[in-house]
Amino acid sequence: MQAATSIAIERTQSPKAKPPQDQLGFGVYFTDHMFVMDYTTEEGWHGSRIVPYQSIALDPAAKVFHYGQTVFEGLKAYRTEDGRILLFRPEANFARMNRSNERMNMPPIPIDMAMAAIKALTLADQDWIPTDAGNSLYIRPFMIATQATLGVQPSERYQFIIIMSPVGAYYPEGINPVKIFVESHYVRAMIGGVGEAKTAGNYAAGLRAQTAAKEQGYTQVLWLDGAAHKYIEEVGSMNVFFKIGGTVYTPALNGSILDGITRNSVIQMLKHWNIPVVERVLSIEEIYEAGRDGTLEEAFGTGTAAVISPVGELCWLGEKLVICGGETGELSKRLYGSLTGIQYGRETDRLQWMVEVK
Ligand SMILES: *Cc1c(COP(=O)(O)O)cnc(C)c1O
């Protein structure tokens, strides 16, 4: 592989002490190394290197600080019981990163280069992949605009960086339902905006509502559409599914919803299990109606961090709706068991989602 051989590796002289596996949390500790490569309009991507994890020095005028030209990704590496290292659908992350890049007027990264980078970095820091059940190595590739001029134009210089963090099981005591606040005042994204791009501004835009929801005892916010405040978009950093009368519904991708890889994987698994799954416009009113007439069986969020996150309660305009008795539903459990089974190499990987790093 041509790209792989061109990655310069500078190993750290002072490896860090590894944190205890039962105290990892999420994105708190970082491994010994990071991957960096540079882009200029004249040279394209160049300077692929793995270096000791360190601060980055940028000119204070770098465009990323002022105009938010940046995108990120998130995926995980898993250690199997027999010691192999598996990545979950990494090409899908880089393909999505390139769709985000396109929307943010940033250059695409060659997917083979990104794959060579992620594999080389994972191998360099393979001792950091936790082995305890449910733990994994979270991988955060991101790109920033580094040109140091304040004109509002697309940057002519970028850096692509990958950092990695050992993370704990999202639910140390097994999966637990969350309480979600349905947001009717603030919006996250609008059709035609940047909602489907994994870009920083979407998250900054959501923090105010998230804080307000937390103050009322809710863990996350369910976003409604930006125009009518009627139609369900997604939850925090998760896509959302509802099981009503035996059929599973999820909002169709409309440009303002993130195209989750866990979402896509869940849809494929449901189809394989012959459970009807429908992607369409979904109103919050019809979810409440289904809740009132007893046909709403389960609700759950999907995303890399939590995998499957059952929803035990919604609160919309002051009206509470308890789902599945506030418990984790059967389908949520089955999906969680199967997806994590595939990710940790315990279940047959029928669709060849896992990529072994060796
Ligand atoms: C990353 C993300 C998701 C989930 O995507 P996965 O690929 O499943 O991790 C959903 N919504 C938002 C806003 C996200 O940033």
Side-chain angles (χ1 to χ4, degrees), residues 26-27 68 70-78 87-101 103-104 114 118 136-143 164-165 167 170 175 178 180 183 186-191 193-210 213 219-226 231-241 250-270 277 279 282 299-311 332 335-336 338-340 342-343 351 353-355:
F26 182 80
T70 176
V71 306
F72 70 92
E73 270 303 326
L75 69 159
K76 284 176 173 173
Y78 306 85
L87 300 171
F88 183 66
R89 305 187 68 184
E91 288 104 339
N93 287 90
F94 292 122
R96 181 172 69 190
M97 187 170 208
N98 280 341
R99 295 197 298 277
S100 300
N101 286 334
R103 180 65 185 84
M104 303 309 290
I118 202 173
S136 56
L137 185 68
Y138 183 78
I139 305 175
R140 168 58 60 91
F142 64 105
M143 205 196 290
M164 307 197 296
S165 168
V167 298
Y170 203 83
I175 60 173
V178 289
I180 306 271
E183 180 58 53
Y186 299 110
V187 299
R188 171 186 176 274
M190 294 282 284
I191 290 178
V194 295
E196 68 182 342
K198 222 166 163 78
T199 187
N202 287 330
Y203 305 84
L207 294 176
R208 187 60 245 153
Q210 191 180 306
T219 19
Q220 294 209 46
V221 164
L222 174 68
W223 297 107
L224 301 179
D225 74 285
Y231 305 104
I232 293 171
E233 300 245 296
E234 57 182 310
V235 170
S237 52
M238 292 190 291
N239 296 106
V240 67
F241 289 74
T250 192
L253 300 176
N254 60 0
S256 66
I257 299 173
L258 209 284
D259 182 359
I261 292 158
T262 321
R263 173 189 184 277
N264 174 276
S265 308
V266 160
I267 291 173
Q268 292 192 52
M269 291 176 84
L270 292 172
V277 52
E279 298 172 67
L282 271 183
F300 56 88
T302 65
T304 295
V307 189
I308 302 291
S309 185
V311 178
S332 302
L335 284 165
Y336 182 82
S338 256
L339 255 182
T340 53
I342 293 168
Q343 290 168 336
L351 291 162
W353 281 336
M354 307 312 293
V355 171

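In listed order, ligands and their atoms are each counted from 1. These figures come from a predicted structure and were not determined experimentally.
Between Arg96 and Glu73, at least one side-chain N (NZ, or NE/NH1/NH2) sits under 4.0 Å from a carboxylate O, which counts as a salt bridge. Ionic pairing of Glu279 and Arg263 is present here: one or more N-O contacts between side-chain nitrogen and carboxylate oxygen are shorter than 4.0 angstrom.
The proximity of Glu233 to ligand 1, defined as any non-hydrogen pair under 4.0 Å, does not occur for either the backbone or the side chain. Contacts between Met238 and ligand 1 below 4.0 angstrom, taking non-hydrogen atoms only, involve the backbone exclusively. Residue contacts with ligand 1, taken as heavy atom pairs separated by less than 4.0 Å, involve Ile261 via backbone and side-chain atoms alike.
Side-chain contact check for Glu233 and Asn254: at least one donor-acceptor pair (N or O, by modelled atom type) lies under 3.5 Å.
Taking the six-membered ring where tryptophan is involved, the planes of Phe300 and Phe241 are essentially parallel, since the angle between them stays under 30° and well short of 60°.
The distance criterion of under 3.5 Å between nitrogen or oxygen atoms is met by Thr304 with respect to ligand 1. The distance criterion of under 3.5 Å between nitrogen or oxygen atoms is not met by Arg188 with respect to ligand 1. In terms of N/O distances under 3.5 Å, ligand 1 is not approached by Asp259.
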Would you check, one step at a time, whether the test side-chain hydrogen bond (donor to acceptor under 3.5 Å, both in side chains) holds for Arg89 with Ser265?
-> CA-CA 9 Å; Arg89 305 187 68 184; Ser265 308; 2.8 Å; yes
Go through the steps for Arg188 and Glu234 under the test salt bridge (Lys or Arg N to Asp or Glu O under 4.0 Å), then give the verdict.
-> CA-CA 9 Å; Arg188 171 186 176 274; Glu234 57 182 310; 3.3 Å; yes
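Taking every non-hydrogen atom of Gly260 and a distance limit under 4.0 Å, the qualifying atoms of ligand 1 come out as 5 (O), 6 (P), 7 (O), 8 (O). Every atom of ligand 1 with a heavy atom of Asn239 under 4.0 Å away is listed here by number and element: 10 (C). Contact atoms of ligand 1 toward Arg96: 5 (O), 6 (P), 7 (O) (distance under 4.0 Å to a heavy atom of the residue). Close contacts between ligand 1 and Gly236 involve ligand atoms 13 (C) [criterion: under 4.0 Å to a heavy atom].
Within a 6.0 Å sphere centred on OH of Tyr231, heavy atoms belonging to other residues, nucleotides or ligands number 12 at most.
Nearest to atom 4 (C) of ligand 1 among the protein's heavy atoms is Ser237 O, 3.6 Å. When hydrogens are left out, the protein atom nearest atom 15 (O) of ligand 1 is Tyr203 OH, 2.3 Å; that is the closest non-hydrogen contact. Distance from atom 8 (O) of ligand 1 to its nearest protein heavy atom, with residue and atom name: Thr262 OG1, 2.6 Å.
Taking the six-membered ring wherever Trp is involved, the centroid distance between the rings of Phe26 and Tyr138 falls below 6.0 Å.
The heavy atom nearest to atom 2 (C) of ligand 1, out of those in Arg89, Glu234, Lys198, is found in Lys198.
Side-chain contact check for Leu207 versus Tyr186: every heavy-atom pair is 4.5 Å or farther apart.
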